[in-house]
Peer 1: 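Take this structure, written in structure tokens, and hold onto it; I'll ask about it next.
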There are 2 protein chains.
Amino acid sequence: MSEASSQAVVRVLIVEDDPMMQLGLEQSLSSQPGIEVVGRADDGYFAVEETLKLKPDIVVMDIGLPRLDGIAATQKIKKSLPEVRIVMLTSHTTENEVIAALSAGADAYCVKGTTVERLLAAIEAAWEGASYLDPLVARLVMDHLKSPTNTADAIAVGQLSQRELEVLKLMVEGRSNPEIATALYLSPNTVKTHVRGIMNKLAVDDRVQAAVVALRAGLV
Amino acid sequence: MSEASSQAVVRVLIVEDDPMMQLGLEQSLSSQPGIEVVGRADDGYFAVEETLKLKPDIVVMDIGLPRLDGIAATQKIKKSLPEVRIVMLTSHTTENEVIAALSAGADAYCVKGTTVERLLAAIEAAWEGASYLDPLVARLVMDHLKSPTNTADAIAVGQLSQRELEVLKLMVEGRSNPEIATALYLSPNTVKTHVRGIMNKLAVDDRVQAAVVALRAGLV
DNA sequence: CGTGCCATTACCCAGTTGGATAAACCCAGT
DNA sequence: ACTGGGTTTATCCAACTGGGTAATGGCACG
């Protein structure tokens, strides 16, 4: 299982504001063959600075940090050095924070209190460019993937005619019927007819629901 | 790194329609200490049947299968036995298939042609309830997470008061002001005031745009 | 060559919406 | 004690919305 870490040295930067935690982390990691801790940072700004200076292979990043939080730091780092892998190690497990961290570019996500083995698995996965998600957050993320486009709604939207689609898009932008009429060089009456056609096909009672269906269908 | 597989035996079911591939997989896995291959299946229906009968810890699942594809099989298995971990092992790397597989309940995703070590890492991660994503698909999935919630909108929505949030949620459901009034035991006039408050804070001109902002902000 | 679907326009009407404005109350922080 | 924000209520009014109904022309499919 340790083919990667045993054949080359992985250079790790630790970003953690709690001194105790930082020390513990460093002990756990540097005692590991194949891992070298090349630096530490205790806030987001230092994290970015040190990363740019040291160019580590992996950054082990906390979220709750002074000055600049770990998510923002991750974004900054990924912007300048996309090849640096970032492993989040934090106690935050709310959906918003997890998703935000991964969207920001984190490659793996570990929850504090986990075993060292899991952190090592995460580091290894990240180092290969793969992704590792802690059991506590894995289902959260997978469930999140379900939402973007609702198939049923997408099918309904598919029933619309070309013209109706154009009208619907403008409706989603919040345009009123008269505005849509001007935009499409139509009479307001025509637009009203289309709007009613749309609402019928989508089986909704007003334009707000029509917009909601459109969005859920992936009509971004 | 192999604490899990070295201390207990992981019972694996292999689902793969190509006989050569199936054989190769079985050789690779069963030669591994801590892994026992308890069964094989070469189409989706057998996969579900065998899983129900053998109750393996892990199912290594292909996507392109006769009769019932691996994604559908995954859904069926997860419905009856959620505790069975499923590792996708396939050559399909299109966004749709990857997302569909993970939404269906797959715990890890490996791409065919990868090293045995990566597959083992995936199996180990899955066995712990964690998630492992192959380098070839990891970024795909992470990027997919970005769309749902728009931060700017989320911040704007965060400015709303508790009451305004309640009203906004009902607005998204397409309720009219009178309907919202009844639902919250308020006067229609009050609702109107809140609606205007919401539109002001979100800097929009009508309830459709308010609903759109709400959705983009992740107010599902 | 109809029949059906789409796109276009039109009119009427009841109901809803959004803007402007005002006032009451409660509660928290200064 | 005062200020500020949130919640509640209210009224007036112009504009927009959604339902019903109907007519025209184009275009494609059988």
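In the text below, chain A, chain B and the rest are named by the order of the sequence lines, each starting its count at 1.
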Peer 1: Is there, by distance only and without an angle test, a donor paired with an acceptor across the side chain of A:Lys192 and the base of D:dG20 below 3.5 Å?
Peer 2: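 A donor-acceptor contact between them is absent.
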Peer 1: For B:Glu164 and for B:Asn189, find the nucleotide of DNA chain D with the closest heavy atom, then tell me which residue's nucleotide is more 5'.
Peer 2: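 It is B:Glu164 whose nearest nucleotide is closer to the 5' end.
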Peer 1: What I want to find out is whether B:Asp206 reaches A:Arg175 closely enough, with some N-O distance under 4.0 Å, to be called a salt bridge.
Peer 2: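 A:Arg175 and B:Asp206: not salt-bridged.
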Peer 1: Could you check how far CG of A:Asp205 sits from C1' of C:dA14, rounded to whole Å?
Peer 2: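 About 16 Å, once rounded to whole Å.
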Peer 1: In whole Å, I'd like the distance from the CG atom of B:Leu165 to the P atom of D:dG6.
Peer 2: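 So the CG-P distance, B:Leu165 to D:dG6, works out to 12 Å.
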Peer 1: Tell me what B:Arg163 touches on the nucleic acid: a base, only sugar-phosphate, or nothing, going by heavy atoms under 4.0 Å.
Peer 2: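 Sugar-phosphate: the residue B:Arg163, judged by heavy atoms under 4.0 Å, touches backbone atoms but no base.
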Peer 1: Using a heavy-atom cut-off of 4.0 Å across all strands, would you classify A:Thr190 as base, sugar-phosphate, or nothing?
Peer 2: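 Base contact.
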Peer 1: From CZ of A:Arg207 over to P of D:dG19, roughly how many Å is that when rounded to an integer?
Peer 2: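 My rounded result for the distance is 11 Å.
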Peer 1: Are the charged groups of A:Glu16 and A:Arg40 less than 4.0 angstrom apart, N to O?
Peer 2: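 Here A:Glu16 does not pair with A:Arg40 in a salt bridge, since their nearest N and O are not under 4.0 Å apart.
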Peer 1: Find the partner of D:dT21: check Watson-Crick (N1-N3 plus N6-O4 or O6-N4) and G-U wobble (N1-O2, O6-N3) distances, both under 3.5 Å, and reply none if neither fits.
Peer 2: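 D:dT21 is paired with C:dA10.
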Peer 1: Just how far, in rounded Å, is P of D:dA10 from NE2 of B:His194?
Peer 2: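 In whole Å, D:dA10 P lies 13 Å from B:His194 NE2.
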Peer 1: Can you tell me if B:Asn177 touches the phosphate of C:dT16, counting only side-chain N or O atoms and a distance under 4.0 Å to OP1 or OP2?
Peer 2: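 No.
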Peer 1: Over how many whole Å does the gap from B:Met199 atom CE to C:dT17 atom C1' extend?
Peer 2: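 For the pair B:Met199 CE and C:dT17 C1', the rounded distance is 8 Å.
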Peer 1: How about B:Glu97 and B:Thr94: does a side-chain donor come under 3.5 Å of a side-chain acceptor?
Peer 2: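 Checked: B:Glu97/B:Thr94 side chains pair up, N/O donor to acceptor below 3.5 Å.
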Peer 1: Could A:Arg11 and A:Asp57 be called an ion pair, given the rule that one side-chain N must be under 4.0 Å from one carboxylate O?
Peer 2: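 Salt bridge: no.
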Peer 1: Rounded to the Å, how far apart are A:Leu186 CG and C:dT8 P?
Peer 2: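 After rounding, the gap between these two atoms is 5 Å.
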Peer 1: Using only heavy-atom distances, decide whether a donor-acceptor pair under 3.5 angstrom links the side-chain of A:Ser176 to the base of D:dT17.
Peer 2: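 A donor-acceptor contact between them is absent.
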Peer 1: With heavy atoms under 4.0 Å as the rule, sort A:Ser161 into base, sugar-phosphate or nothing.
Peer 2: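 Sugar-phosphate contact only.
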Peer 1: How close or far is atom P of C:dT16 from atom CZ of B:Arg196, stated in whole angstroms?
Peer 2: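 One finds 17 Å between P of C:dT16 and CZ of B:Arg196, rounded.
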Peer 1: Once rounded to the nearest 0.5 Å, what's the spacing between atom CE of B:Met61 and atom CZ of B:Arg85?
Peer 2: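 Here the rounded value is 14.5 Å.
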Peer 1: Counting side-chain heavy atoms from C-beta on, which of C:dG18, D:dT21, D:dC16 comes nearest to A:Pro178?
Peer 2: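 That would be D:dC16.
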Peer 1: B:Asn200 has an atom CG; how far is it from atom P of C:dT17, in whole Å?
Peer 2: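 In whole Å, C:dT17 P lies 17 Å from B:Asn200 CG.
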